[in-house]
Amino acid sequence: MKDTIQIFAAGVTAPPIVHARFNIGDVVKHRMFGFRGVVFDIDPVFANSEEWYEAIPETARPDKDQPFYHLLAENGESSYVAYVSQQNLVTDDSDEPVDHPAITGMFGPYADGKYHLRPLHRH
């Protein structure tokens, strides 16, 4: 306990505690661009490259200290992988499955607005 107090007193602080609003398998929609996707991974804080981050216009650049979601995404024209901050996502309430070719390898059938991970991908 004494070491912990000394470390804390030396100015070492823990990262902020953030809570993911969405879970793996949730279907979400981008707040500004309207594309939809299914969450397949979550970073508790920004974990992409600085180059990627700097490419976002400064006026639209999200805060790094929030969850970021990896999505199997679709926009009606194509399917792709997206990396999106929590502040830019909302729950998709269309009750429609996402059309992405990688979903069937990772998730079971779509039901009740959510995909469930196949047992092979759970850990």
Side-chain angles (χ1 to χ4, degrees):
M1 185 66 137
K2 185 176 181 183
D3 291 335
T4 304
I5 293 169
Q6 289 174 342
I7 291 171
F8 182 74
V12 176
T13 58
I17 296 173
V18 292
H19 298 284
R21 185 178 305 139
F22 305 105
N23 297 302
I24 292 175
D26 286 351
V27 177
V28 294
K29 186 166 79 173
H30 196 282
R31 185 182 303 276
M32 294 184 293
F33 301 121
F35 66 81
R36 302 169 62 242
V38 58
V39 176
F40 73 91
D41 196 10
I42 305 167
D43 294 334
V45 294
F46 179 78
N48 207 334
S49 70
E50 280 303 309
E51 180 180 64
W52 182 93
Y53 188 74
E54 294 295 326
I56 301 169
E58 194 171 341
T59 56
R61 210 173 284 156
D63 183 29
K64 290 182 177 181
D65 292 330
Q66 64 180 311
F68 276 73
Y69 299 84
H70 299 261
L71 308 176
L72 298 175
E74 63 159 346
N75 65 8
E77 298 172 14
S78 64
S79 57
Y80 50 96
V81 173
Y83 190 66
V84 185
S85 64
Q86 181 164 277
Q87 75 187 50
N88 285 321
L89 292 175
V90 294
T91 300
D92 179 75
D93 57 5
S94 70
D95 203 31
E96 296 289 324
V98 174
D99 184 20
H100 192 288
I103 288 175
T104 57
M106 193 176 297
F107 295 98
Y110 176 77
D112 300 320
K114 183 176 180 71
Y115 288 91
H116 297 279
L117 273 177
R118 293 189 181 280
L120 172 67
H121 299 290
R122 293 186 190 144
H123 54 92

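Values reported hereafter were calculated over all heavy atoms of this structure, with side chains retained and with hydrogens, waters and symmetry mates removed.
- With a 6.0 Å radius and a threshold of 12 heavy atoms from other residues, nucleotides or ligands, Glu50 has its CD atom above the threshold.
- Note: Gln66 CD to Gln86 CD = 6.5 Å, rounded to the nearest 0.5 Å.
- By the 4.5 Å heavy-atom criterion applied to side chains, Tyr83 and Tyr53 are not counted as neighbours.
- Taking the six-membered ring where tryptophan is involved, the planes of Phe35 and His30 are tilted, since the angle between them lies from 30° to 60°.
- With a 4.5 Å cut-off on side-chain heavy atoms, Phe68 and Ile42 do not count as touching.
- Contact annotation: the side chain of Asp26 never approaches that of Thr91 to less than 4.5 Å [non-hydrogen atoms, C-beta and beyond].
- Residues Pro62 and Ile56 form a side-chain contact, since some pair of their non-hydrogen atoms from C-beta on lies under 4.5 Å apart.
- Rounding to the nearest 0.5 Å gives a distance of 4.5 Å between CG of Asp95 and OH of Tyr110.
- Phe40 is not listed as a side-chain neighbour of Tyr115, based on a closest heavy-atom distance of 4.5 Å or more.
- Leu72 pairs with exactly one of Val39, Ile103, Asp41 by the side-chain contact (heavy atoms from CB on, under 4.5 Å) rule, that one being Ile103.
- Residue Asp93 places its CG atom among 12 or fewer non-hydrogen atoms of other residues, nucleotides or ligands, all under 6.0 Å distant.
- Leu71 places a side-chain heavy atom less than 4.5 Å from the side chain of Leu89.
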